[in-house]
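Read the structure below first, then the notes.
Chain identifiers are assigned alphabetically (A, B, ...) following the order of the sequence lines, protein sequences preceding nucleic acid strands; residue numbering begins at 1 within each chain.
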Amino acid sequence: MNNFSYPEKDALNRFIAARYRTAWLWQIVFLFALLFAVVSLSALILNVADGAFGYVAYEYKKDPAMISPRPLEELTVPELLAALKANLSAGAFAKLDNESPLAGRSRAELLGLVEERILLVKTLETYPLFRSLFQREQIAAEVKEKFPAARLEFRAWLNAAFITSPQSSRAEFAGVRTAILGSLWLVSIAILFALPVGVGAAIYLQEYSNRKSLLNRIIQTNINNLAGVPSIVYGMLGLAIFVRAWEVFTSGALFGVTDSNGRTILSAGLTMGILVLPLMIINAQEAIKAVPDSIRQAAFGVGATRWQTIWHHVLPGALPGILTGSILAVSRAIGETAPLIIVGASTFITFDPQSPFTKFTALPIQIYQWTSRAQGEFHAIAAAAILVLLIMLLSLNATAILLRNRFQKRM
Amino acid sequence: MNAYAIETKNLSIFYGQFEAVKDVNLQIETGKITAIIGPSGCGKSTLLRAFNRMNDFVPTSRVNGEILLHGQNLYSREIDPVEVRRRIGMVFQRPNPFPKSIYENISWGARINGFKGNMDELVEQSLRSAALWDEVKDKLKQSAYALSGGQQQRLCIARTIAIQPEIILMDEPASALDPIATLKIEELMQELKKNYTILIVTHNMQQAARVSDFTAMMMLSGEGERSGTVIEFDQTTKIFTNPRDSRTEGYVTGRFG
Ligand SMILES: Nc1ncnc2c1ncn2[C@@H]1O[C@H](COP(=O)(O)OP(=O)(O)O)[C@@H](O)[C@H]1O
Ligand SMILES: [Mg+2]
């Protein structure tokens with residue numbers, strides 16, 4: 001006989017118990033890793049929400065009673081119009097009317113104007129959400145003592161007006177409309193550039209070139225490495241190439257635009273495009289690789305050319321993956337700040353971007369700028385803007401998942 | 001005119017420096033089924049893929065010698081490999097229908113080759129020739145992936161027939177199928193040989209004996225026994241009853257390989 005043996009009886013029981021103990025230990029370790037992740041993410045979200053909602057103490061420079069003995073909220077549109085006319089200079093009134101006929105504006109909008117232009121609302125103190133929820137009396141007492149004349153109100157800084165208003169130097173009236181539009185312009189340009197170029201490059205690498213050649217391996221390694229280059233480096237590239245070297249093109253001078261320099265949406269969009277290009281290529285390559293070779297063989301076997309094979313079989317098969325990847329690239333681009341600062345995003349813009357050749361701002365820039373202000377109300381709107389950004393990211397990712405599921409079912 | 005559908009002259013096939021197939025001289029008769037048999041790795045698939053230039057997709061592959069179709073070398077410069085693949089169709093080891101409808105699986109090959117005529121009729125005729133029409137005529141718009149493995153393989157045969165090749169290459173077409181589906185494919189081959197010349201690679205001795213008219217026996221030989229070559233080529237009955245080469249005899253009687 002040989003001397004091979006396995007544990008038996010008591011030894012076997014001990015052995016099995018030890019195996020279960022090890023398994024159980026690892027399970028606990030994984031569970032803790034998961035808990036840690038969940039807790040950190042929740043803390044992030046809660047922290048942002050904490051800033052974006054809460055009590056605010058404010059006062060009016062002018063007493064609302066001077067406008068009407070009744071509370072402002074009860075005034076009708078004609079009464080608000082009359083109040084504006086009576087309290088604003090003729091020139092200021094005409095200017096407002098010019099921007100958009102006052103009579104045609106909504107009651108909420110007029111109310112906002114009255115607060116902004118006549119009463120001159122001033123925020124004294126903002127309170128975070130959790131204190132506002134759990135220490136109401138304490139806050140009320142504190143405000144009464146520090147600011148006897150102040151009004152106290154619970155405010156959602158993230159509201160419809162915040163989304164639809166342009167930037168303003170007064171936090172109470174500032175919104176993210178220009179920033180959202182700027183971000184949308186940016187990612188559109190980035191995708192219009194990076195999607196075709198990225199997919200094209202991926203097709204060439206996967207379907208045409210010899211995967212094993214030295215040149216190909218060098219190119220592949222470089223693409224992989226470029227995907228990990230810090231985004232600020234791309235910003236410097238964008239500054240040197242798009243903003244400076246190509247200024248006649250990116251400023252629109254070539255197309256007859258005269259009043260701009262190279263620091264346009266186009267420059268920033270192209271910079272973002274370059275930034276996500278490596279991701280785009282790698283991702284499209286993966287999607288193309290996932291199309292089984294047997295499909296290509298089948299197509300070639302019935303006398304298809306390489307292009308027919310790619311166009312009719314490889315690309316349709318890779319499309320869900322390419323789409324998902326593009327959306328993830330968009331999410332990356334939407335959140336990038338550093339390259340935008342370098343290529344010269346403007347921090348204060350009150351008009352909507354009208355063409356690729358205008359100055360621009362974007363959500364992360366706005367957030368960055370607001371968080372660097374000292375006053376609490378700016379921190380509150382920064383938190384609200386972060387929520388807007390997070391919601392945009394989440395919806396993009398959800399779209400990616402939906403698209404993928406839809407296309408996969410069709411296969 | 002040449003009596004053979006296709007013939008090879010001193011054909012050797014390389015992968016880089018490695019000579020996978022060495023010195024093959026075969027004359028394949030028109031309208032017959034020729035089986036290529038031999039142990040795994042002896043170069044059967046390599047040889048078969050050379051006939052429709054599918055080896056072109058392996059960047060390291062290289063061919064010496066000639067494959068003549070109507071007296072013309074398939075590997076000469078003026079020959080377009082895409083055109084070769086239309087004239088010499090191929091059915092693969094695993095059924096590989098396109099992830100499209102049954103109808104499109106057949107119409108696509110026709111369409112890209114500039115087919116002019118009634119597509120519905122072509123689809124029906126091809127499916128009938130592949131003995132699949134009755135099973136799928138009510139679900140032509142459904143995905144080909146919903147078919148069974150055997151049906152998928154017959155669909156692949158129909159797809160090949162639809163582009164009206166002269167020769168059909170089959171690389172172990174039944175190896176992924178159950179015995180009943182295999183039988184159907186074998187019956188189908190007997191029908192097809194009325195119109196096409198068929199070359200089939202198979203692992204299965206009985207299958208070669210059942211379906212083929214001629215058999216090429218391949219074996220590793222040459223230096224260090226690394227290169228595959230055809231050691232015997234004759235009528236199937238001869239190969240199985242009265243082989244000239246003792247290695248063939250050993251293989252077909254199951255003594256080795
Ligand atoms: N794409 C390839 N690259 C390099 N060597 C290959 C390739 N395909 C097959 N070979 C080699 O060629 C020889 C013959 O293979 P193959 O034709 O597939 O044999 P069979 O079909 O008879 O089993 C084997 O040694 C195999 O390793
Ligand atoms: Mg094989």
Inset, instruction - Examine whether an atom of Pro97(B) lies under 4.5 Å from a heavy atom of chain A, and if so say whether it belongs to the side chain, the backbone or both; otherwise answer neither. - result: backbone

Legend entry - Pi-cation contact, Phe57(B) with Arg296(A) (under 6.0 Å, within 45°): no

Legend entry - Backbone of Phe98(B) reached by a side-chain donor or acceptor of Asn105(B) within 3.5 Å: yes

Inset, instruction - Sort Ile163(B) into side chain, backbone, both or neither according to what part of it lies under 4.5 angstrom from a heavy atom of chain A. - result: side chain

Legend entry - Other residues, nucleotides, ligands: >12 heavy atoms within 6.0 Å of Gln93(B) CD: yes

Legend entry - Donor on one side chain, acceptor on other, His70(B) and Glu166(B), under 3.5 Å: yes

Legend entry - N/O donor-acceptor pair under 3.5 Å between Arg226(B) side chain and Ala20(B) backbone: no

Inset, instruction - Using the side chain to side chain donor-acceptor pair (under 3.5 Å) rule, take Arg159(B) and Asn96(B) through it: C-alpha gap first, then chi angles, then the decisive distance, then the call. - result: CA-CA 11 Å; Arg159(B) 171 176 78 188; Asn96(B) 57 350; 3.0 Å; yes

Legend entry - Residues of residues 220-237 of chain A within contact distance of chain B, non-hydrogen under 4.5 Å: none

Legend entry - Face-on cation placement of Arg62(B) at Tyr15(B) ring, 6.0 Å and 45° thresholds: no

Legend entry - Under 4.5 Å from a heavy atom of chain B, the part of Arg211(A) involved: neither

Inset, instruction - For atom OH of Tyr6(A), decide whether the heavy atoms of other residues, nucleotides or ligands shown that lie under 6.0 angstrom number more than 12. - result: no

Inset, instruction - Look at Gly301(A), Ala298(A), Ser294(A) and state which one has the largest set of heavy-atom pairs under 4.5 Å with chain B. - result: Ala298(A)

